[in-house]
Visitor: 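The structure that follows is given in the form of C-alpha cells.
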Amino acid sequence: MLYIGVDLGTSAVKLLLMDGGGKIRKIVSKEYPLYFPHPGWSEQKPEDWFEKSMEGIKELVDGCDKSEVAGISFGGQMHGLVALDKEDRVIRPAILWNDGRTGEETDYLNQKIGKDRLSAYTANIAFAGFTVPKILWMKKHEPENFERICKIMLPKDYLAYCLSGSFCTDVSDASGMLLMDVKNRCWSKEMMEICQITEEKLPKLYESYEVVGTLKPEIAKELGVSEQVKVIAGAGDNAAAAVGTGTVGDGRCNISLGTSGTIFISSKSFGVDRNNALHSFAHSDGHYHLMGCMLSAASCNKWWNEDILKTADFAAEQADIKKLGENQVFFLPYLMGERSPHNNPDARGMFIGMSMDTAREDMTQAVLEGVTFGLRDSLEVAKSLGIKIERTKICGGGAKSPLWKKILANIMNLKVDVIESEEGPALGGAMLAAVGCGEYPDVETIAEKVVKVVDTVEPEPELVAKYEERYQKFKKIYPAVKELF
C-alpha cells in the first residue's frame, strides 16, 4: 500500500509518497506566501495551505496506482492559531509560531498567573510563540473576532478538518498550545478558564498514529483516490521529524539544524526541568519528549553568508576553517530573540572577541559554533534531569555541512549519526499513516525498519577538551549582556 506524509511548513508544504516497505516513491513541494502586516507579526492564510496541499497531493499520486493509497498523515508547523466561525469560515489569518506580538500576554501568564501554576497545569510555561498568548491577544485586540470563535485548531489540523471533516488534533502538537495537561494527555480545565473558552471549541485529542476519519467523498473524487483512505492525526513538526529520524522510545536524541534549531530527547517517562527551560511535550510514539528550541539556527548561517557576506556558496566560506576549538571570536545566535533556555524575545545576536587579526573565516566559524553552543545549553538542562545521552541523530539544512557536524560532535561530546533519508516531518507523517493503517504495529517498529544510519561522526577527546573550555566562556556572555537588550 501507499502512504502520504504532509509536512505543512512555514514557507511551503512538502508532500511525500512512501510504500509499505518504507521506500520513498515521490516528493512534491508547493510554496505559499507569508505575511508580515506589522513589524514582528507573522501570518498565513489557512486557505492557502489547503489549496496548495490539494495541488500537491494530485501531483504526488499522478502516475501511481491510486487504489493503493491507504492513508494520509501530517507533520505541521506548531503553535499557530487557526480560528473558525460557526459556518466553518476562517475568521482571520493564522497567527504563526514565529509571531512576536504577544509579549504582554506572555508576561501576564508567566508573572500574574505564575510559572508554577502554568507548569502544574500544562508542564510548561508561556512562550511568545505558543497558542494561548495568541488567544489572549485576540480576546483583547480583536474582541469581535474572539466572540465569533467556534473552533480553535492548529495548522495541520485545519488540513485534516478540510480533508475528513474531523475536528481533531494530536497530543504532540497540542502540547505546544499551553492548553493541554501534558502528563495526563487531556485538556486543562484551568487553562480553558484563563482563556475563557469552552472545551467544545477545542478539537478532540488523539495519539499521533490514531485514525481520525476518512476522506470526504468530494475530496476523494477530486483526488481520484478511494473514499476509504484513512486520515491519521499526525504530529507537530518536531515530533514528526523525530519519527522520521527514529528518535522514538527511551533516551534517543535528535538535533535539527533547520531555520530554527532543536534538540529533541525521547523518553518513556514524563519529566519537567526545574526552570522549565525545556519544553515537556507528549511524543508521537505514545510516550513523552523534552525539547529545547532555538529560534535561529541554520538561519544564522544563511543570514551571515547571504545578507552580510553576500554569497550563496556556504561550502566555500567553510573551506578554510581549520583551527577548531581555538577561535577567539564568539557569536550569540539570538537574531530573533530566544526560547530555550533563556525565554527572552528581546535577546539579540552579537559578535564578541574580535581583534586586528580576526579573519573572515573566524567570523563564519563563530556563527557555526555559537548555534551549537546554544544547543549545548539545552543539552545541559537535560543532563541535569539525569538523562544520559551518548549519541544523536542529525537533520535539517545545516546537517549537510561536514564541518558543522564535526563541530557539533565535539561541542556536545556526542556521537552524531547521519541517516540515509533525511526527509523530516514528511517522512514521519507517512510513517504515522502506515502505523494508523495497520501496516506496522507501532511507531518504534516502523522506525526500526525504515531509518538507516549511514555514517557516524565521532567526537575527538582533544577537541572535546578545547571546546569544553570555549563553552564555559560562552556561557558567561549572555548573562553579562542581558541587560543591554
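Values below: all heavy atoms of this structure, side chains included; hydrogens, waters and symmetry mates excluded. Everything quoted here is computed from the prediction, not taken from an experiment.
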Visitor: With sequence neighbours excluded, what pairs up with Ala126 under the side-chain contact (heavy atoms from CB on, under 4.5 Å) test?
Guide: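 With neighbours one apart ignored, the set is Thr106, Leu109, Asn110, Leu118, Leu178.
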
Visitor: For residues 273-287, pull every pair meeting salt bridge (Lys or Arg N to Asp or Glu O under 4.0 Å), keeping only residues two or more places apart or in separate chains.
Guide: none

Visitor: State which residues pass side-chain contact (heavy atoms from CB on, under 4.5 Å) with Val272; sequence neighbours excluded, sorted by chain then number.
Guide: Ser119, Ala123, Phe270, Asn276, Ser280

Visitor: Output every pair passing salt bridge (Lys or Arg N to Asp or Glu O under 4.0 Å) with a member in residues 182-197, not counting sequence neighbours, ordered by first then second residue.
Guide: Arg185-Glu207

Visitor: Can you name the residues that form a ring pair (Phe, Tyr, Trp, His ring centres under 6.0 Å) with Trp304, not counting sequence neighbours?
Guide: Phe351

Visitor: Can you pull out every salt bridge (Lys or Arg N to Asp or Glu O under 4.0 Å) where at least one residue sits in residues 158-170? Sequence neighbours excluded, please.
Guide: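 Every salt bridge (Lys or Arg N to Asp or Glu O under 4.0 Å) pair that includes a residue of residues 158-170, provided the two are not neighbours, is Lys156-Asp170.
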
Visitor: Applying side chain to side chain donor-acceptor pair (under 3.5 Å), name anything that partners Asp88, two or more places apart in sequence or on another chain.
Guide: Lys151, Tyr161

Visitor: For residues 213-234, pull every pair meeting side-chain hydrogen bond (donor to acceptor under 3.5 Å, both in side chains), keeping only residues two or more places apart or in separate chains.
Guide: Lys58-Glu222

Visitor: With side-chain hydrogen bond (donor to acceptor under 3.5 Å, both in side chains) as the rule and sequence neighbours excluded, what pairs involving residues 257-268 come up?
Guide: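 Qualifying pairs, neighbours excluded: Asn238-Thr262, Ser267-Ser269.
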
Visitor: Taking side-chain contact (heavy atoms from CB on, under 4.5 Å) as the test, write out the residues that go with Pro203, two or more places apart.
Guide: Phe167, Thr169, Trp187

Visitor: Please name all residues satisfying side chain to side chain donor-acceptor pair (under 3.5 Å) with Asn98, sequence neighbours left out, ordered by chain then number.
Guide: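 In terms of side chain to side chain donor-acceptor pair (under 3.5 Å), with neighbours along the sequence ignored, Asn98 is linked to Ser42.
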
Visitor: Show me the pairs that pass salt bridge (Lys or Arg N to Asp or Glu O under 4.0 Å) and involve residues 105-128, at least two apart or across chains.
Guide: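 Listed once each, the pairs would be none.
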
